[in-house]
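Here's the structure we're looking at; comments come further down.
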Amino acid sequence: MRRAPLLSTVLSSCLLALSACGDDPPAPANPNPEPSTPTVTATSPAGGDEAQLPGALTQVSLTFSGPMDTTKGIPRPSSELVLGAPTWSGHTLTAPITRIGHDEEHTLTLEGFQDAEGRPVEHTLRFRTGTDRPRPVVTASSIPEGAQDVYPLELYFDHEARRPGIYPRKQLSLRFSVPMRTTDAQVTLENHTDPSIAPRVITGQWRDEGRELLLTLPAPEDGGPGGATLEEKSRYTLDLSALRGAEVGNRLDSAAFLGDGRLDFTTSERNGELEHACTHALANEAEAIQATTGEAPPFGFAPLTDTGHSRYRVTLPGEQRHGYTSLVSKPDQDEHIVLYLDRELAVGAYDGMEIKDVAVKVEAARPVCTGITHVASFAATQGNRDYFLRFGPTPGAVFEFILERHAH
């Protein structure tokens, strides 16, 4: 019989020995395993519940999987959810609901909770309530939904400011179908044309027992982007989603009037000449003028109202409230004459040299300030010409205007 070589026999013996040595015995079980951290195993209402009526919810409870340190932790509800004092029963924490909003997403967050071994336990319960009451709607707005030419600012004289003077702002008002909850008065203004301008949160003032919200947008004090009350030629939205009805806290009906729960509008360019005239309307003392009778010129004497940047208060004579003042043109310069009126009335101009009427354009002014509602303008020819300005007939006896003279 042939024998195996000695080297092969030795190698086989070693491999068998190594294989046997590699079969280590199993490790013994840990006699003291780490206990798992307790978790929330059940809640009432269940997390993610949708559209429960608030009247059906009287308490909130959370059940934990293990023992808890009942002296630690605060259940922190969202603003529309108010809870009474919580109590423990075994591993379950229960708190009565003392106020809950209709039509609202609610959260209850565990803060500072620990199990019996001192390990933190974190959880947030989320659920939504429904409503069985009609939602409030916006019925009117001083800025129409979808408006394309909203003037970016208004000028006003602030007598109560640290430095009394003329300041910019933009005011708008919203009217609602039912009284609204007056503790909720914040809306968010967003500029969708310039993304560098951060959204602005504006707190309004409720009037008429919660049926009307007045919003005042002051110019930011820090300047830079968004430094104006509203930017020119910009698309804006005013988010009203934080407003609630007073009865049960219902959200707005987003489809009615607004379409999407937001007031959408676009601003126009600014008019520097009109804003300049407003500074005179707000700050200048008015010069009282008695207009002549309605006799056609040049037979009557008409008082001068031809100083640029001046504010005139004119009294019209007679029952028809119809009269004249006058203006003398520059000796060597054609002009564009503009009268910024405080109300609508008929305005004419008569060229005493040419002995003819001059075309006068009267149009509504942009709403930049009180004291200017309409603008009348005409072309004046150089040469020290006498122009007779004709006002009326009109129901009112007294009106005001700012005179501006612009070189052609």
Within a strict 4.5 Å, meaning less than it, do heavy atoms of the [X] and [Y] side chains meet?
{"X": "Asp103", "Y": "Arg135", "result": "yes"}
{"X": "Tyr312", "Y": "Ile402", "result": "no"}
{"X": "Tyr387", "Y": "Tyr350", "result": "no"}
{"X": "His123", "Y": "Leu62", "result": "yes"}
{"X": "Leu327", "Y": "Leu403", "result": "yes"}
{"X": "Val375", "Y": "Val362", "result": "no"}
{"X": "Ile97", "Y": "Leu83", "result": "yes"}
{"X": "Glu231", "Y": "Ile197", "result": "yes"}

Charged N-O contact under 4.0 Å between [X] and [Y]:
{"X": "Asp351", "Y": "Lys356", "value": "no"}
{"X": "Arg181", "Y": "Glu80", "value": "yes"}
{"X": "Glu354", "Y": "Arg385", "value": "yes"}
{"X": "Arg169", "Y": "Asp158", "value": "no"}
{"X": "Arg343", "Y": "Glu400", "value": "no"}

We want to know whether [X] and [Y] form a side-chain donor-acceptor pair, criterion being a heavy-atom distance below 3.5 angstrom.
{"X": "Gln171", "Y": "Thr216", "answer": "yes"}
{"X": "Tyr236", "Y": "Asn191", "answer": "yes"}
{"X": "His192", "Y": "Thr237", "answer": "yes"}
{"X": "Glu275", "Y": "Tyr151", "answer": "yes"}
{"X": "Ser61", "Y": "Thr94", "answer": "no"}
{"X": "Ser310", "Y": "His280", "answer": "no"}
{"X": "His309", "Y": "Glu404", "answer": "yes"}

request  = Test salt bridge (Lys or Arg N to Asp or Glu O under 4.0 Å) on Glu287 and Arg311 and set out the steps.
outcome  = CA-CA 6 Å; Glu287 180 181 349; Arg311 177 184 173 193; over 6 Å; no
Shortest non-hydrogen separation from [X] to [Y] and the atoms involved:
{"X": "Ala302", "Y": "Phe388", "result": "CB-CD2, 3.9 Å"}
{"X": "Thr229", "Y": "Pro152", "result": "CB-O, 3.8 Å"}
{"X": "Val121", "Y": "Leu110", "result": "O-CB, 4.3 Å"}
{"X": "Pro179", "Y": "Arg211", "result": "CD-NH2, 3.7 Å"}
{"X": "Leu316", "Y": "Gly396", "result": "CD1-O, 4.3 Å"}

Within this structure, what is the [atom1]-[atom2] distance for the pair [X] and [Y], rounded to the nearest 0.5 Å?
{"X": "Glu111", "Y": "Arg76", "atom1": "CD", "atom2": "CZ", "value": "4.5 Å"}
{"X": "Ser173", "Y": "Glu212", "atom1": "OG", "atom2": "CD", "value": "4.5 Å"}
{"X": "Glu105", "Y": "Arg126", "atom1": "CD", "atom2": "CZ", "value": "6.0 Å"}
{"X": "Cys369", "Y": "Leu274", "atom1": "SG", "atom2": "CG", "value": "6.5 Å"}
{"X": "Arg235", "Y": "Thr267", "atom1": "CZ", "atom2": "OG1", "value": "11.5 Å"}
{"X": "Leu189", "Y": "Leu230", "atom1": "CG", "atom2": "CG", "value": "6.0 Å"}

task = Quick one: do Arg200 and Glu190 satisfy salt bridge (Lys or Arg N to Asp or Glu O under 4.0 Å)? Show the steps, please.
result = CA-CA 7 Å; Arg200 296 172 64 184; Glu190 301 174 9; over 6 Å; no
request  = Evaluate side-chain contact (heavy atoms from CB on, under 4.5 Å) for Leu108 paired with Phe127, printing each intermediate quantity in order.
outcome  = CA-CA 9 Å; Leu108 181 63; Phe127 63 96; 5.6 Å; no
task = Carefully, step by step, assess Glu104 and Arg244 under the rule salt bridge (Lys or Arg N to Asp or Glu O under 4.0 Å).
result = CA-CA 10 Å; Glu104 180 70 61; Arg244 299 288 186 271; 2.7 Å; yes
Would you say the side-chain atoms of [X] pair up with the backbone N or O of [Y], donor to acceptor, closer than 3.5 Å?
{"X": "Asn250", "Y": "Arg133", "result": "yes"}
{"X": "Ser234", "Y": "Glu232", "result": "yes"}
{"X": "Gln114", "Y": "Gly112", "result": "no"}
{"X": "Asp264", "Y": "Gly146", "result": "no"}
{"X": "Thr305", "Y": "Thr325", "result": "no"}
{"X": "His159", "Y": "Gly165", "result": "no"}
{"X": "Thr182", "Y": "Gly210", "result": "no"}
{"X": "Thr43", "Y": "Pro45", "result": "yes"}
{"X": "Trp206", "Y": "Asp184", "result": "yes"}

ask   = Can we call the ring centroids of Phe391 and Phe401 under 6.0 Å apart?
value =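 Yes - the distance between ring centres of Phe391 and Phe401 falls below the 6.0 Å cut-off.
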inquiry  = Counting the benzene-type ring for Trp, do His91 and Phe64 have ring centres under 6.0 Å apart?
reply    =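 No, too far apart.
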